[in-house]
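Here's the structure we're looking at; comments come further down.
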Amino acid sequence: MKNEEVARLLREMGDLLELRGENGFKVVAYRRAARSVESMKTDLDEVTRRGDLESIPGVGKAIAAKIDEYLRTGKIESHERLFRETPPGMAELLQISGLGPKTVSMLHQKLGVSTVAELEAAAREHRVRRLPRMGPTSEKNILRSIERWKKRSDRIPLGVALPIAQKILGSLKKVAGIENLTLAGSLRRGRETVGDVDILATSSSPEAVIRAFVELSGVEEVLMKGPTKASVIVDETVQVDLRIVDHRSFGTVIQYFTGSKEHNVKLRHVALSKGYSLSEYSLTRVADGEEIFFDREEDLYRHLGMEWIPPEIREDQGEVEAALARRLPRLVEVSDIKGDLHVHTDWSDGLHTMEDMVYEAQRLGYEYMAFCDHSHGLAIANGLAIDRLVEKMDLIAGLNDEVEGFSILVGTEVEIRADGKLDYPDEILGRCDVVVASVHSGYNQREREMTGRIIEAMESEHVDVIGHPSGRKIGEREAYEVDLERVLEAAARTGTAMEINAHPSRLDLNDRWSRRAKELGVKLAINTDAHSTCGLSAMEYGVKTARRGWLEKGDVINTLGLQDLLRYLHRG
DNA sequence: GCCGTTTTCGGCCCGACTGTTTTCAGTCG
């Protein structure tokens with residue numbers, strides 16, 4: 001796909017133009033076009049063939065010509081020129097928090113600074129404080145920002161950010177006079193990674209709340225602190241913002257700060273088409289300037305003639321249109337989940353015994369759980385040879401007699417070997433209630449081999465679920481080369497479910513592919529892949545991902561009651 | 001640079017916060 005490359009070039013042009021101090025709206029125009037191109041489902045080649053580039057939102061004559069130039073020649077001359085004329089390293093300076101295009105340009109002109117290292121040296125030698133509108137404090141702040149920039153990890157995985165946020169919420173809840181304490185931003189939308197943690201609240205004494213916030217234990221640095229908002233750093237690199245807002249505007253504020261930006265832009269268009277201008281404070285009737293306030297988000301959406309939209313799908317991927325037509329899906333919820341179909345025990349590489357895991361699953365209110373320890377091919381994880389699996393089956397039968405109102409399913413996470421063969425013979429797989437088949441080896445195969453290998457596994461009548469289908473680990477390892485579109489087509493054909501692995505470092509399938517699976521009529525299983533009792537609580541992350549993929553209860557097999565599930569699994 | 005049943009020109013979100021000023025420019029979200 002050339003779309004991604006074009007989007008990258010356009011975004012880079014936005015950055016370069018910003019450094020030159022170009023008109024800010026022009027900068028935004030390039031970035032908007034980049035986002036548009038990135039989220040398109042059609043190839044740019046095809047759009048160009050239809051002569052339809054200008055139909056892309058945010059793409060006009062000038063940018064269309066540049067896209068066309070790229071498709072013909074493989075480059076964009078004006079991009080190359082901008083790139084040539086900008087000293088390398090300058091764009092990096094924009095990443096230093098507190099530095100914008102104006103300051104970066106000035107630093108370059110007056111001090112010849114064009115890299116972070118040069119800026120650091122200049123600040124240490126007190127050359128920065130002699131510049132206009134600079135002083136000892138800004139110099140110190142620049143040095144601190146550079147330190148933080150050096151330690152930065154890109155985006156924060158949901159599995160890291162959410163526990164941090166919940167801890168802070170827990171402490172803030174105790175502050176006197178605080179109300180409507182709520183997460184906002186990408187964390188509320190359940191994105192797999194977040195940039196920072198946004199918290200909103202209302203209070204009759206905002207300053208007291210802010211004071212309590214910046215003094216929370218765990219706060220390592222206060223970036224800024226005013227009467228109604230503050231930003232702090234916790235856990236070395238995680239920025240947490242707290243805003244105290246007016247009670248009467250809480251609905252519009254929470255909507256605004258939940259985003260996404262694209263969703264908000266679309267929502268403002270809807271408002272305008274109905275004669276309103278939407279801001280974070282109110283909905284204003286354009287005709288007479290009459291302001292309407294909303295303390296509840298639900299009322300705002302309703303007033304605009306649409307259903308309330310769950311935060312997880314606010315990405316301008318059709319949710320606004322669906323809400324206007326009152327056709328929003330009823331997204332799956334944690335409380336719909338009846339059991340976990342992919343759990344490990346100390347029989348392979350899990351930490352806890354079957355009994356421990358059952359106890360925890362019952363505590364979570366589940367009806368069933370499938371123990372899917374590794375198969376013998378995965379020796380590093382103490383995979384089970386056939387005789388051990390058979391022995392375990394007998395033990396499970398005994399355990400099932402002991403527990404009441406709960407069923408333990410015999411399962412396996414069987415290796416899909418490099419040649420596409422499964423790691424157990426059919427007669428063994430046939431004795432399992434649940435067979436999850438996964439790839440843990442030969443990650444470097446070419447796309448054709450990897451895709452074929454997974455599809456071959458799905459052809460087996462015994463395979464019920466493909467575990468973590470893309471193999472990616474967030475911030476750690478890219479997905480292996482696999483054509484997921486073909487895999488999903490095969491899943492639809494063979495009636496194999498895809499896993500949404502709920503482990504926060506996996507979330508695999510991810511939100512986009514989960515939605516695609518649903519479109520193709522593929523069922524999904526949201527599993528924790530827990531290797532310990534506390535791992536079972538990751539279900540919440542998997543459900544968030546499923547919700548982001550527009551999944552409903554009926555799309556997810558482990559929302560079925562035990563009898564229905566067994567009927568589904570054994571239907572073949 | 002984009003966009004338009006209020007506009008083909010003049011809009012494009014704007015308020016909070018900071019550090020420097022002595023009234024405000026720059027950054028951020």
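Small disclaimer: the values here were computed from a predicted structure and weren't measured. Chain naming here is simple, since letters A, B, ... match the order of the sequence lines and numbering starts at 1 in each.
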Under a 3.5 Å cutoff, is there a donor and acceptor pairing between the side chains of A/His303 and A/Tyr276? yes
Which is true for A/Val59 with a 4.0 Å heavy-atom rule: it touches a base, it touches only sugar-phosphate, or it touches nothing? sugar-phosphate
Would you check if there is a donor-acceptor pair between the side chains of A/Thr258 and A/Arg188 at a distance under 3.5 Å? yes
Report the nucleotide, chosen from B/dC2, B/dG1, B/dT27, that has the shortest atom-to-atom distance to any side-chain atom of A/Lys102. B/dT27
Sugar-phosphate only, base, or nothing, as touched by A/Asn23 at under 4.0 Å among non-hydrogen atoms: base
Can you tell me the distance, in whole Å, between the CD1 atom of A/Ile142 and the P atom of B/dC28? 11 Å
Nearest-Å distance, CZ (A/Phe257) to P (B/dC13)? 15 Å
Nearest to the side chain of A/Ser138, heavy atoms from C-beta on, is which of B/dG19, B/dG15, B/dT27? B/dG19
Starting at the 5' end of DNA chain B and moving along, which residue's nearest nucleotide shows up first, A/Pro101 or A/Tyr256? A/Tyr256
For B/dG19, does OP1 or OP2 lie under 4.0 Å from any side-chain N or O of A/Asn141? yes
Take atom P in B/dG10 and the same atom in B/dG15, then report the distance between them in whole Å. 24 Å
Side chain A/Thr545, main chain A/Tyr541, donor-acceptor under 3.5 Å: yes
So A/Ser97, base contact, sugar-phosphate only, or nothing? Heavy-atom distance under 4.0 Å. sugar-phosphate
Testing B/dC12, B/dG29, B/dG19 for proximity to the side chain of A/Phe25, the answer is B/dC12
Please give, in whole Å, the distance from B/dT21 P to A/Arg130 CZ? 14 Å
What nucleotide, of B/dC13, B/dT27, B/dG19, holds the atom closest to the side chain of A/Arg268? B/dC13
Distance-only polar pair, side chains of A/Arg155 and A/Thr193, donor-acceptor under 3.5 Å: yes
Separation between the C1' atoms of B/dT7 and B/dC2, rounded to whole Å: 14 Å
Say we look at B/dT5 and B/dG1: how far apart would their C1' atoms be, to the nearest angstrom? 24 Å
Distance between P atoms of B/dT23 and B/dG29 (Å, rounded): 30 Å
Considering only atom P, compute the distance from B/dT20 to B/dC14 and round it to an integer number of Å. 29 Å
Whole-Å C1' distance, B/dT6 and B/dG11: 13 Å
Can you tell me if A/Ser231 touches the phosphate of B/dC28, counting only side-chain N or O atoms and a distance under 4.0 Å to OP1 or OP2? no
Pick the closest DNA chain B nucleotide for A/Gly100 and for A/Glu54 by heavy atoms, then say which residue is nearer the 5' end. A/Glu54
Counting only N and O atoms by type, is there a donor-acceptor contact under 3.5 Å from the side chain of A/Gln255 to the main-chain atoms of A/Gly251? no
Is a donor-acceptor pair below 3.5 Å formed from side chain A/Arg133 to base B/dC24, judging by atom type as modelled? yes
Which nucleotide, B/dA16, B/dC2, B/dT27, lies nearest any side-chain atom of A/Ala62? B/dC2
B/dC13 P sits how many Å from A/Leu267 CG, rounded? 15 Å
Looking only at B/dT20, B/dG1, B/dG29, the nucleotide nearest the A/Gln239 side chain is B/dG29
Measuring only the P atom in each nucleotide, how far is B/dT8 from B/dT18? A whole number of Å is fine. 43 Å
For A/Glu552, which of A/Arg547, A/Arg330, A/Glu333 qualifies under side chain to side chain contact (heavy atoms under 4.5 Å, CB included)? A/Arg330
B/dT8 -> Watson-Crick or G-U wobble partner, both distances under 3.5 Å, gives none
Rounded to the Å, how far apart are A/Glu262 CD and B/dG29 C1'? 14 Å
For B/dT27, take OP1 and OP2 only and decide whether either is under 4.0 Å from a side-chain N or O of A/Thr103. yes
Look at the rings of A/Tyr301 and A/His263 and say which category their plane angle falls in: under 30° parallel, 30 to 60° tilted, over 60° perpendicular. tilted
With a 4.0 Å cut-off on heavy atoms, is A/Leu99 in touch with a base, just the backbone sugar-phosphate, or nothing at all? sugar-phosphate
For A/Met224 and B/dG15, what is the distance between atoms CE and C1' respectively, to the nearest whole Å? 11 Å
From B/dT20, B/dG1, B/dT18, pick the nucleotide closest to the side chain of A/Lys225? B/dT18
Verify whether one side chain among A/His79 and A/Glu12 offers a donor that lies under 3.5 Å from an acceptor in the other. yes
Out of B/dG1, B/dG19, B/dT27, which nucleotide sits closest to the side chain of A/Ile63? B/dG1
Rounded distance (Å) that lies between atom P of B/dG19 and atom NZ of A/Lys140: 9 Å
Look at all strands and tell whether A/Pro227 reaches a base, only sugar-phosphate, or nothing, counting heavy atoms closer than 4.0 Å. sugar-phosphate
Roughly, in whole Å, what's the span from CG in A/Leu17 to P in B/dG1? 8 Å
Please pick, from B/dA16, B/dG1, B/dT20, the nucleotide with the shortest atom-to-atom distance to any side-chain atom of A/Pro136. B/dT20
Expressed as a whole number of Å, how far does the P atom of B/dT27 sit from that of B/dT21? 16 Å
Is the shortest side-chain N/O distance from A/Thr228 to OP1 or OP2 of B/dC17 below 4.0 Å? yes
